[in-house]
Asks: 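Sharing a structure below in structure tokens format, with a few things to ask.
A quick note: this is a predicted structure, and the numbers were derived from the prediction, not measured.
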Amino acid sequence: VCDSTFDDVLVSVHTMPTAYAGPDATICGNSLDTLKNSTATNYALLSWQTMGTGYFNNSGILHPVYTPGSFDIAAGHVKLILIATGYPGCGNVSDTMQLNITSPPIANAGPDASICESSDFCLCGATAYHYITLWWTTTGTGTFNDPGILNPVYTPSQADIITGCVKLVLHLTGNPPCGTVTDTLQLCIRRIPIVYAGPDTTICNHGTYTILLSTALYQAGLKWTTSGDGTFNNRTILHPVYTPGSGDLNTGHVTLTLLGIACSPCPN
């Protein structure tokens, strides 16, 4: 009679891994994207790969953060691949999602500028890219001929002129999911000088004349001139002393002229 013998074999059965990179998504510009909709099961190891030039903060976790590279942004999209490595005996599976990258709006209101109080201002230096709508606003009370176009003309109000400077703001609404951006320029409104040399007057022969009744507003500087050959003690102040020359005395009169020097771009 023969005896029976037995031997046991332990067979481990692993379930095949699954991987889902998540639905296609869209971000704005170089924004970060958290891959929070990815799923995976029955895996021993995870890894993410990109077909672009960006990078993951940790390519070995299920929900990493992806930072697009310059090539991704220029191309407007990039494919991201989730690879799930199964347990021994099972293979690898992968899934791909596309990350679309929308160009962000770019607003440039133009350089700061100055105009004279009698002028309008063309926002001809403004540029804008990658937007759906645009509009202009002002911190003053002036008006745009059309606030909904890129290069309108701004007419300062009297209050703007008195204030001296206002800010003009260009607003852009980007393509979804990009939001709104703004850019600002400062417009300064210069005043035309107002000068008064004083009333005509008469002095005694061989005397000097202190010009006390002259006035000036909005000037950057002053300059006195004479039609004769006399001299000023200081021709750049408002109330100088004038000493007539011999030619003035012989003629019996002289014209003294006060010039108000304007802030550019206003005329003197």
Side-chain angles (χ1 to χ4, degrees), residues 25-33 54 67-78 99-196 215-223 258-268:
T26 302
I27 62 172
C28 181
N30 59 355
S31 302
L32 307 181
D33 184 55
T67 301
S70 58
F71 180 82
D72 303 347
I73 296 171
H77 58 82
V78 62
L99 181 63
N100 299 305
I101 304 166
T102 301
S103 297
I106 301 173
N108 178 12
D112 293 345
S114 296
I115 60 171
C116 195
E117 63 178 298
S118 57
S119 302
D120 295 336
F121 179 64
C122 176
L123 289 148
C124 297
T127 57
Y129 303 96
H130 315 309
Y131 64 92
I132 298 175
T133 57
L134 69 81
W135 69 97
W136 286 90
T137 60
T138 173
T139 60
T141 57
T143 56
F144 300 92
N145 66 330
D146 186 344
I149 61 175
L150 180 58
N151 304 117
V153 173
Y154 182 73
T155 301
S157 66
Q158 189 60 36
D160 293 352
I161 295 171
I162 293 171
T163 300
C165 293
V166 297
K167 292 185 184 299
L168 306 181
V169 186
L170 173 60
H171 306 255
L172 298 182
T173 300
N175 294 291
C178 297
T180 299
V181 299
T182 62
D183 191 53
T184 301
L185 72 79
Q186 179 169 272
L187 178 65
C188 290
I189 303 104
R190 308 302 186 189
R191 304 297 298 269
I192 299 173
I194 300 173
V195 295
Y196 174 59
T215 59
L217 291 172
Y218 315 128
Q219 77 280 2
L222 296 170
K223 183 179 180 181
L258 174 59
L259 175 69
I261 299 171
C263 292
S264 179
C266 288
N268 295 334

Asks: Which atoms form the tightest heavy-atom contact between S264 and R190, and what is the distance?
Replies: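 Taking S264 first and R190 second, the nearest heavy atoms are O-CG, 3.4 Å.
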
Asks: Between N151 and A126 (side chain of the first, backbone of the second, donor and acceptor by atom type, cut-off under 3.5 Å), is there such a pair?
Replies: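 Looks like yes, one N/O pair under 3.5 Å.
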
Asks: If you take all heavy atoms of G54 and D72, which pair is closest and at what distance?
Replies: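 For G54 and D72, the tightest heavy-atom pair comes out as N-OD2, 3.2 Å.
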
Asks: Mark yes or no for whether D183, through its side chain, and A109, through its backbone, hold a donor-acceptor pair below 3.5 Å.
Replies: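 Answer holds: yes.
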
Asks: State the CD1-CH2 distance between I149 and W136, to the nearest 0.5 angstrom.
Replies: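 That separation rounds to 10.0 Å.
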
Asks: Hey, what do you get for SG (C122) to CD1 (I115), rounding to the nearest 0.5 Å?
Replies: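 Output value for this atom pair is 11.0 Å.
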
Asks: Measure the OG-CZ distance between S118 and R191 for me, rounded to the nearest 0.5 Å.
Replies: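 Output value for this atom pair is 11.0 Å.
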
Asks: Which residue is it: D120, D160, T143? I am looking for the one with a side chain to side chain donor-acceptor pair (under 3.5 Å) to T155.
Replies: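 Going through D120, D160, T143 one by one, the side chain to side chain donor-acceptor pair (under 3.5 Å) with T155 is satisfied by D120 alone.
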
Asks: If every non-hydrogen atom of I132 is compared with every non-hydrogen atom of P176, which pair is closest and at what distance?
Replies: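 Minimum heavy-atom separation between I132 and P176: CD1-CD, 3.7 Å.
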
Asks: Rounded to the nearest 0.5 Å, how far apart are CG of L170 and OG1 of T137?
Replies: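 Separation between the atoms: 9.0 Å.
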
Asks: Considering only heavy atoms from C-beta outward, does the side chain of S114 approach that of P265 to under 4.5 Å?
Replies: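 Touching, per the 4.5 Å side-chain cut-off.
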
Asks: Compare all side-chain heavy atoms of L123 with those of L185 and state whether any distance is below 4.5 angstrom.
Replies: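 SC-SC contact between L123 and L185 confirmed.
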
Asks: Please determine whether side chain to side chain contact (heavy atoms under 4.5 Å, CB included) holds for the pair S103 and N175, giving the CA-CA distance in whole Å, both sets of side-chain angles, and the decisive distance to 0.1 Å.
Replies: CA-CA 8 Å; S103 297; N175 294 291; over 6 Å; no

Asks: Taking all non-hydrogen atoms of both residues into account, name the closest pair between P177 and T26 and its distance.
Replies: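 Scanning both residues completely, I find the closest heavy atoms to be CD-CG2, 3.6 Å.
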
Asks: If I compare all heavy atoms of G29 with all of I101, which pair ends up nearest, and what's the gap?
Replies: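 That closest heavy-atom pairing would be O-CG2, 3.0 Å.
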
Asks: Roughly how far, to the nearest 0.5 Å, is CD1 of I73 from SG of C28?
Replies: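 Result: 10.0 Å between the selected atoms.
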
Asks: Just how far is it from atom CD1 of I189 to atom CZ of F121, taken to the nearest 0.5 Å?
Replies: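 That separation rounds to 10.0 Å.
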
Asks: What pair of heavy atoms forms the shortest contact from C116 to I192, and how long is it?
Replies: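 Scanning both residues completely, I find the closest heavy atoms to be SG-CG1, 3.4 Å.
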
Asks: Would you confirm whether N108, through its side chain, and T127, through its main-chain N or O, come within 3.5 Å as a donor-acceptor pair?
Replies: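 Not a single qualifying donor-acceptor pair exists.
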
Asks: T139 side chain to K167 main-chain N or O, any donor-acceptor pair under 3.5 Å?
Replies: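 Checking the backbone N and O of K167 against the side chain of T139, a donor-acceptor pair under 3.5 Å is found.
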
Asks: Is there side-chain contact between T182 and H171, with heavy atoms separated by less than 4.5 Å?
Replies: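 Contact flag for T182/H171 side chains = yes.
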
Asks: Going by heavy atoms in the side chains, are P193 and I261 under 4.5 Å from each other?
Replies: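 A side-chain contact is absent here, since even the closest heavy-atom pair is not under 4.5 Å.
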
Asks: Would you mind reporting whether W135 and T173 have side-chain heavy atoms less than 4.5 Å apart?
Replies: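 Yes, close enough: below the 4.5 Å cut-off.
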
Asks: Determine whether V181 and Y131 make a side-chain contact, defined as any pair of heavy atoms from C-beta on separated by less than 4.5 Å.
Replies: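 No - every pair of side-chain heavy atoms lies 4.5 Å or more apart.
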
Asks: Is the shortest heavy-atom distance from the side chain of S31 to the side chain of P104 under 4.5 Å?
Replies: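 A side-chain contact is absent here, since even the closest heavy-atom pair is not under 4.5 Å.
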
Asks: Less than 4.5 Å apart, side chain to side chain, heavy atoms only: is that true for E117 and P156?
Replies: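 A side-chain contact is absent here, since even the closest heavy-atom pair is not under 4.5 Å.
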
Asks: Checking side chain to side chain contact (heavy atoms under 4.5 Å, CB included) between L187 and each of D112, V166, T138, which is the one that passes?
Replies: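 Among D112, V166, T138, the one meeting side chain to side chain contact (heavy atoms under 4.5 Å, CB included) with L187 is V166.
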
